[in-house]
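A quick write-up on the structure given underneath.
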Amino acid sequence: MDEKFKKPYEPAETEARLYKAWEESGYFNPDNLPNATKGPFTIMMPPPNATGVLHMGHMLGCTIQDIMIRFRRLQGYEALFLPGTDHAAIATQARVEKDISKNEGKSRHDLGREELVRRIDEFVEGSRDTIRKQIRATGASCDWSREAFTFDEARNRAVNQMFKDMYDAGLIYKGLRIVNWDPKGQTTISDDEIVHEERPGKLYTFKYAKDFPITIATSRPETKVGDTAVAVHPNDPRYKEFIGNEYDLEFCGSPLHIKIVADESVEPEFGTGALGVTPAHAHIDWEIGERNNLPHPQVIDERAKIMVEGPLHGLKVAEAREKVVEWLKEQNLLESEVSITQNISTAERTGGVIEPLPKLQWFIDVNKPIKERGNKSLKELMLEPVRSGAINILPDHYDKTYYHWIENLRDWCISRQIWYGHRVPVWTRGEESVVGDAPAGDWKAEGWVQDEDTLDTWFSSGSWTFSTLGWPNEAPDLARFHPTDVLETAYEILFFWVARMILMSQFVLGEIPFRTVYLHGLVRDAQGRKFSKSLGNGIDPIEVINKFGADAARISLVIGNTPGTDMKLSEDRIKGYKHFANKLWNITRFILENTEDVDLEAPRTEADFTLEASFANLAADVTKDMEAYRLYLAADKLYQYAWSELASTIIEESKPILSGDDAAAAASRKAVLRALLKDLLILLHPFMPFVTEEIWQSLPETEGMLIVAQWPSA
RNA sequence: GCGGGCUUAGCUCAGUUGGUAGAGCACUCGAUUUACACUCGAAUGGUCGGGGGUUCAAGUCCCUCAGCCCGCACCA
């Protein structure tokens with residue numbers, strides 16, 4: 001027996017050594033698996049944002065995925081776990097801009113586009129390196145030879161091709177629409193990047209002018225200088241007689257031309273039953289404006305300041321609001337002022353208050369029938385595979401959430417006014433335009449200009465399952481590994497990302513991107529609070545791994561953690577599983593010490609035959625759990641078996657047998673102990689890869705690495 | 001407003017197709033030059049949120065009520 005078993009298990013040294021050995025073995029690459037007979041099994045790692053370091057949620061994801069991958073590899077599949085990182089356009093640019101502003105007092109405009117992008121690239125390079133090290137520390141057995149980045153050259157080709165294909169299919173269009181403008185980030189954001197916040201506000205009820213017949217209510221009086229109509233319900237008896245009338249008035253120093261229009265969307269019961277329509281600065285008003293052919297003058301600019309001439313000019317919206325209210329009071333037009341709680345839209349990344357503005361942006365039409373796809377729309381292409389069960393979402397109830405989201409989906413705004421990211425692949429020269437690839441030759445010299453905007457980061461990560469496999473090139477990997485098997489990610493990004501991947505894969509390949517979506521919950525602190533910088537309650541995965549070992553961290557993230565449910569994690573919990581790793585170590589020590597002269601083929605006693613049979617049942621049971629993604633159950637069963645059954649019961653019973661007079665019984669027991677240990681190591685390997693591999697390589701009867709052993713149950 | 005989830009031992013949570021209520025931690029008592037620095041055994045602890053129903057049988061299925069949480073939409 002190796003001397004190392006006389007001391008407690010020491011994870012730190014073991015883990016670094018074994019990860020290196022695995023990498024050098026080539027087994028992380030499915031092309032090198034000697035006994036793979038069952039075809040491919042593929043998981044694309046959700047690329048962590050290149051903005052920083054991994055948190056416990058990433059570690060949870062890596063662990064679950066790696067468990068699935070190692071399980072399938074042991075079963076004989078060509079397991080591919082493809083790693084990568086995400087350039088996370090807005091988040092990354094915001095991060096670097098903040099650093100530059102803090103350290104150098106400069107803005108992005110001081111640096112210029114080229115220099116800023118260069119700085120961000122530099123930052124991202126360092127950040128990606130950190131992330132790579134962290135992923136390795138978790139034990140993730142991913143194929144580094146296929147590593148990808150959402151903003152590298154290969155992915156840029158994919159993005160441009162995707163854009164072109166969608167453009168050619170008439171799905172991508174440029175249009176003047178009311179968009180979510182983030183004055184803080186100075187960019188458009190999509191509907192999904194908005195977070196609603198409750199704040200106290202006031203509802204003002206007033207008339208535009210003394211001789212105006214209808215009273216309206218609003219919480220944003222400052223926008224009223226942009227009003228072009230008052231909308232009422234067509235059947236509202238109070239206002240029926242005014243419909244169609246037009247009025248010229250003066251409002252707070254600005255001339256207004258107001259038309260009374262009828263629109264079904266107006267609720268007669270709310271406020272006065274009459275809505276002042278500001279088409280340029282509210283989504284609903286924009287739609288009313290479209291239906292009634294109203295002009296939509298913009299009165300608020302990109303810095304959230306009033307842009308009309310007059311006393312309000314140049315004021316921030318909050319200042320302008322006070323001024324308008326003051327004016328209303330002076331003119332005796334204000335009928336009431338009531339305190340309300342209102343929901344404010346803010347930008348997820350920057351916290352800026354969203355200002356709806358009309359802007360010329362690129363959109364993806366989600367309702368247009370697509371000829372090449374049987375006249376189905378993108379919405380239908382997203383719904384269909386989930387409805388039919390071709391894509392199975394775990395936990396099941398999330399499919400309802402998914403349908404609900406798609407049914408409410410509007411056209412996807414994909415252009416962003418930031419500098420870091422895939423630039424919109426459209427070049428223009430006068431009336432001419434080219435989409436997809438830059439015009440041949442020195443296009444700049446020939447007067448071509450590329451669109452200034454960049455693309456929403458989810459546009460590039462949407463093609464992750466196949467851009468990573470070589471698309472749009474004819475790539476053998478694409479045919480071999482796509483559709484992928486499992487997409488494992490946080491339930492938070494079901495819409496952001498999972499839905500977009502389904503959209504893109506369905507559109508461009510006509511196939512699903514993955515068969516199973518496994519959604520994990522949030523990792524919270526021991527009190528159930530979210531990890532946050534301000535609370536300082538974060539648990540750093542690397543610290544935990546150094547302290548307790550990756551195996552302990554992995555299994556503590558899995559046991560008792562069902563898909564879709566948040567979990568509470570404490571150091572005590574992880575400590576308990578460090579003890580478990582050591583328990584396996586000591587089980588091995590006992591068995592090796594007492595079975596040096598083992599004959600592995602010794603005839604079994606009846607009792608020992610039963611032990612092996614019940615282990616076989618356990619293995620079958622665990623296999624079923626793994627295949628049904630009940631990892632939490634499989635892990636718990638193995639833990640119980642190893643500790644209560646093998647260690648506390650079987651080994652205790654073995655002591656008298658091994659030292660007793662019955663040589664046949666002793667020989668049988670020795671063989672059985674060795675057999676049970678060996679197979680238990682295989683079953684536990686996906687969960688605790690390091691300690692099991694380390695023990696495996698110390699068993700005299702094993703050859704080669706555990707990572708490519710054979711799973712003991714069909 | 002629409003949708004979803006949770007409520008099981010002091011704490012954290014499992015409980016997969018309905019079939020004798022479980023684990024870890026904590027607590028109490030005991031064992032022990034012991035494979036175990038991180039050990040073992042035993043004990044304590046549950047009207048499975050309340051009520052109703054289906055069933056031979058319900059923590060599990062159905063209805064209903066309550067509390068907590070989350071997502072989406074949003075009122076101008």
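Letters A, B, ... mirror the listed sequences (proteins, then strands); counts begin at 1.
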Measure the spacing between CG of A:Asp227 and CG of A:Asp285 and express it to the nearest 0.5 Å.
7.5 Å

5'-to-3' dot-bracket of RNA chain B (Watson-Crick, G-U; under 3.5 angstrom; crossing pairs as [ ]; | other strand):
(((((((..((((.....[..))))..((((.......))))......(((((..]....))))))))))))....

By the side-chain hydrogen bond (donor to acceptor under 3.5 Å, both in side chains) test, which pairs, at least two apart or in different chains, include something from residues 490-502 of chain A?
A:Asp192-A:Arg500, A:Tyr491-A:Asp566

Determine the Euclidean distance between corresponding P atoms of B:C65 and B:U28; express it in Å to zero decimal places.
45 Å

Hey, does A:Ser570 reach any base, or is it just sugar-phosphate, or nothing, if we go heavy atoms under 4.0 Å?
nothing

For A:Phe206, which of A:Thr215, A:Val325, A:Thr218 qualifies under side-chain contact (heavy atoms from CB on, under 4.5 Å)?
A:Thr218

Check each of A:Arg321, A:His281, A:Lys323 against A:Glu222 using the side chain to side chain donor-acceptor pair (under 3.5 Å) test, and report the only one that passes.
A:Arg321

Selected nucleotide, minimal atom distance to A:Asn582 side chain, candidates B:A35, B:C13, B:C38
B:C38

When A:Tyr9, A:Tyr639, A:Phe548 are each screened for ring-ring contact (aromatic ring centres under 6.0 Å, His included) with A:Tyr577, the one that passes is A:Tyr639

When you check the side-chain N and O atoms of A:Asp572 and A:Ser570, is any donor under 3.5 Å from an acceptor?
no

Identify whether the distance between the nearest side-chain nitrogen and carboxylate oxygen of A:Lys678 and A:Glu701 falls below 4.0 Å.
no

Using atom CG of A:Leu519 as one end and atom C1' of B:C70 as the other, report the distance to the nearest whole Å.
14 Å

Has A:Gln342 got a side-chain N or O lying under 4.0 Å from the OP1 or OP2 atom of B:C74?
no

CG-CG distance between A:Asp263 and A:Leu275, expressed to the nearest 0.5 angstrom
8.5 Å

Just the rounded figure in Å: distance from C1' of B:A35 to NZ of A:Lys583.
8 Å

Find which nucleotide of RNA chain B each of A:Ile559 and A:Lys530 is nearest to by heavy atoms, and output the residue with the more 5' nucleotide.
A:Ile559

In whole angstrom, give me the gap between the P atoms of B:A21 and B:C48.
11 Å

If the plane angle is over 60° it's perpendicular, under 30° parallel, otherwise tilted; pick one for A:Phe580 and A:Trp643.
parallel

Are side-chain N/O atoms of A:Ser556 and A:Arg573 paired as donor and acceptor at under 3.5 Å?
no

Which of these nucleotides, B:A76, B:A35, B:U12, is closest to any side-chain atom of A:Glu267?
B:A76

Atom CZ of A:Arg524 to atom C1' of B:C6: distance rounded to whole Å?
12 Å

Please report, rounded to the nearest Å, how far the P atom of B:A42 is from the CD atom of A:Glu652.
12 Å

How far, in whole Å, is B:U17 from B:U7 if one measures between their P atoms?
15 Å

If you only use heavy atoms from C-beta on, which nucleotide in B:C74, B:C40, B:U12 is closest to the side chain of A:Trp643?
B:C40

With a 4.5 Å limit on heavy-atom distance, are the side chains of A:Tyr208 and A:Ile216 in contact?
yes

Nearest listed nucleotide, side chain of A:Asn586, among B:A35, B:G41, B:A76:
B:A35

No-hydrogen, no-angle side-chain donor-acceptor test under 3.5 Å, A:Ser219 and A:Gln342:
yes

Can you figure out which of B:A35, B:A76, B:G71 approaches the side chain of A:Phe495 most closely?
B:G71

Please report, rounded to the nearest Å, how far the C1' atom of B:A73 is from the CG atom of A:Asn180.
14 Å

Rounded distance in Å - NE2 (A:His196) to C1' (B:G71):
11 Å

Please measure how far the P atom in B:C2 lies from the corresponding atom in B:A58, and state the result in whole Å.
34 Å

Using 0.5 Å steps for rounding, measure from the NE2 atom of A:His233 to the NZ atom of A:Lys240.
10.0 Å

A:Ile284 has its side chain closest, among B:A37, B:A76, B:C74, to B:C74

Rounded distance in Å between the C1' positions of B:U16 and B:C61:
16 Å

Return the set of residues passing ring pair (Phe, Tyr, Trp, His ring centres under 6.0 Å) with A:Phe690 (not counting sequence neighbours), or none when no residue passes.
A:Trp22

Separation of the C1' atoms in B:A14 and B:G52, to the nearest angstrom:
28 Å

Selection: residues 394-401 of chain A, any non-hydrogen atom under 4.0 Å of RNA chain B
A:His397, A:Lys400

With a 6.0 Å cut-off (strictly less than), is the heavy-atom count around NZ of A:Lys637, excluding the residue itself, greater than 12?
yes

Treating primed atoms plus P, OP1 and OP2 as sugar-phosphate and everything else as base, which nucleotides of nucleotides 15-22 of chain B get B, S or - for protein heavy atoms under 4.0 Å?
SB------

Just call it for A:Ile651: base, sugar-phosphate, or nothing, with non-hydrogen atoms closer than 4.0 Å on any strand.
base

What nucleotide among B:A76, B:A35, B:C72 has an atom nearest to a side-chain atom of A:Lys655?
B:A35

Using the C1' atom as the point on both nucleotides, what is the distance between B:C68 and B:C25, in whole Å?
24 Å

Could you state the atom-to-atom distance from CD of A:Glu348 to C1' of B:G71 in whole Å?
14 Å

Taking only the C1' atom of each, what is the distance from B:G50 to B:G15 in whole angstrom?
22 Å

A:Ser668 and A:Asp608 side chains, donor-acceptor separation under 3.5 Å:
yes

On RNA chain B, compare the nucleotides closest to A:Gly273 and A:Tyr9; which residue's is nearer the 5' end?
A:Tyr9

Gap separating the CG atom of A:Leu592 from the CD atom of A:Glu596, nearest 0.5 angstrom:
7.5 Å

Nearest-Å distance, CE (A:Met567) to P (B:C70)?
19 Å

Side chain of A:His404 (C-beta onward), nearest among B:A35, B:A73, B:C72:
B:C72

Please tabulate the protein-to-nucleotide N/O contacts below 3.5 Å involving nucleotides 23-29 of chain B, giving atom names and distances.
residue: B:A23; atom: O2'; partner: A:Gln640; partner atom: NE2; Å: 2.8

